[in-house]
Amino acid sequence: MDSGSIVHAEKMQCSQCGKEYPLDKIAFRCRCEGSLDIIYDYKNVRKFILMADFIREPPWHWKYWMFYPVDDLTKSISFQEGGTPLLFSKSIGTEIGCELYFKYEGINPTGSFKDRGSSIEITKAFEMGKSSVCCASTGNMGASVSSYAAKAGIDCKVFVPENTPRLKIAQILGYGADVIKVKGTYADCLRLTEEVNRRYDVYLLGDYPYRCEGQKSVGFEIVDQFYWNVPDYIICPMGNGTLTRAIWKSLLELREVRLIDELPKIVGVQSEGCSPIVDALKNDIKKPIAIRKAKTIADAIACEDPIDGTEALDAIRESEGFAEVVSDEEILNSQKLLGRSEGLFAEPSGAVSTAGLIKYRERFKGKKVVCIITGHGLKRAPIGETPEIKTIKNNSNELDKIYP
Ligand SMILES: *Cc1c(COP(=O)(O)O)cnc(C)c1O
Ligand SMILES: [Zn+2]
């Protein structure tokens, strides 16, 4: 590392084979295909925590800057992401018999937790002087990086699969990025963007090391919001598995710097129509096997070949948690229930964790549980007819039909 005054990130290391990479060499993953971890000098990190007004500062994404690989904080690209509420559930928690909280990520600047990762990724791209970036996305990551790239003045192209919801595409276009619609799956988009990065001078964004670092703040905030205590369970929807991996990493790091002693169990939930990570756990294999084509209402977790699948599995196994699938119907029912009984509007993928909680409710009885609601309901229009809508003529006599 050169001049930076806050030297706390040390190196990158493969989470699978342990091979090390220097931080000034751009590497997206290891030659063995394993995901790379950023390793810090945790003595130094602890020093920063003790020095700063850390404990008194309210929880938000950049409060935990000492756990990010950023050299110059004055150049960070941020919309004040994170700092999302941890909400106590009266209705669903009581029904199940657990102490339940929702971490509601829908109020992030672009409506999903992806903004936490984007702030770090785009800050790094800006730091390195990149003028052009690309990413593969099922919609939310694309919207998020487009917004941050616009603020940093960086050209951005987003590769999306052909069945991407129209509202998500509209959001990406709204931030001025180019949308490239690929006649194929999300996994196909991923392969193409990695190829773009190899062939042209275009920086690759996605579920790579810097994003994982940013998404750790979900975990930091949960523990902070519990006054440095941990819940029994954290339930997380899994697409690429990066959020699951990032939350686990955040907890290990908090333990490393001695802010906590205990660790929660991590529960990962996938959709029946795309469950490579859950399948690998059930079949007791180390690495998920890619599926051909995802088929699920939960479009944000339709990742056929999950980038951090092995690492998410490692997190679940190490924490002694578990992983299960839910059906589209269970997801839509949970989405409805979250709106009606908790006043929380989630997109289908955001309701997947709650669907898992409800389906496996017996395992959570009497426990302290956090469900991550990953994305806002406004991100996706309902499918098909909406029979709940009552239509009336513009005539006051009609009101009697509504209030009989
Ligand atoms: C990206 C995303 C997920 C899945 O996160 P991974 O890190 O890919 O596992 C879940 N829900 C929403 C709303 C998302 O945008
Ligand atoms: Zn490796």
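Whatever order the structure lists ligands and atoms in, that order sets their numbers, starting from 1. Everything numeric here is computed off the predicted structure, so don't read it as measured data. In this chain, residues are counted from 1 in sequence order.
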Main-chain N/O of S78 paired with K151 side-chain donor or acceptor, under 3.5 Å: yes

Side-chain donor/acceptor of E304 to backbone N/O of A187, under 3.5 Å: yes

E105 and ligand 1 - part of the residue with a heavy-atom distance under 4.0 Å: neither

Cation-aromatic face contact K368/F226, 6.0 Å, 45 degrees: yes

Contacting atoms of ligand 1, where contact means under 4.0 angstrom from a heavy atom of G241: 6 (P), 8 (O), 9 (O)

R116: which of E81, E213, E221 passes salt bridge (Lys or Arg N to Asp or Glu O under 4.0 Å): E221

Mode of M141 contact toward ligand 1 - side chain, backbone, both, neither (heavy atoms, under 4.0 Å): neither

Close N or O approach (S349, ligand 1; < 3.5 Å): no

L338 versus I92, closest heavy-atom pair with distance: CD2-CD1, 4.2 Å

Where ligand 1 meets M238 - atom numbers and elements under 4.0 angstrom, heavy-atom basis: 9 (O)

Contact atoms of ligand 1, heavy-atom distance to G375 under 4.0 Å: 13 (C)

Close N or O approach (G239, ligand 1; < 3.5 Å): yes

Nearest-neighbour protein heavy atom for atom 5 (O) of ligand 1, which is reported as residue plus atom name and distance: F113 CZ, 3.4 Å

Proximity of N140 to ligand 1 by residue part, where a heavy atom lies under 4.0 Å: side chain

Nearest-contact summary for atom 11 (N) of ligand 1 - protein heavy atom, Å: T374 OG1, 2.7 Å

Per-atom contacts, ligand 1 versus E347 - under 4.0 Å to a heavy atom: 13 (C)

Contact summary for R245 and A312, nearest pair of heavy atoms: CB-N, 4.5 Å

Geometric N/O contact N240 with ligand 1, under 3.5 angstrom: yes

D308 and S35: side chain donor to acceptor below 3.5 Å: yes

Heteroatom distance test (L243, ligand 1): nitrogen or oxygen, under 3.5 angstrom: yes

Shortest protein heavy-atom distance from atom 14 (C) of ligand 1, along with the residue and atom involved: K114 NZ, 2.9 Å

Any residue meeting salt bridge (Lys or Arg N to Asp or Glu O under 4.0 Å) with E20, in chain and number order, not counting sequence neighbours: K11

Between D328 and T296, a side-chain donor and acceptor under 3.5 Å: yes

Opening angle between SG in C17 and SG in C30, taken at the Zn ion (ligand 2), to 10 degrees: 110°

I301, portion touching ligand 1 at heavy-atom distance under 4.0 Å: side chain

Residues E324, R363; criterion side chain to side chain contact (heavy atoms under 4.5 Å, CB included); working and verdict: CA-CA 12 Å; E324 292 288 353; R363 308 193 197 175; 3.2 Å; yes

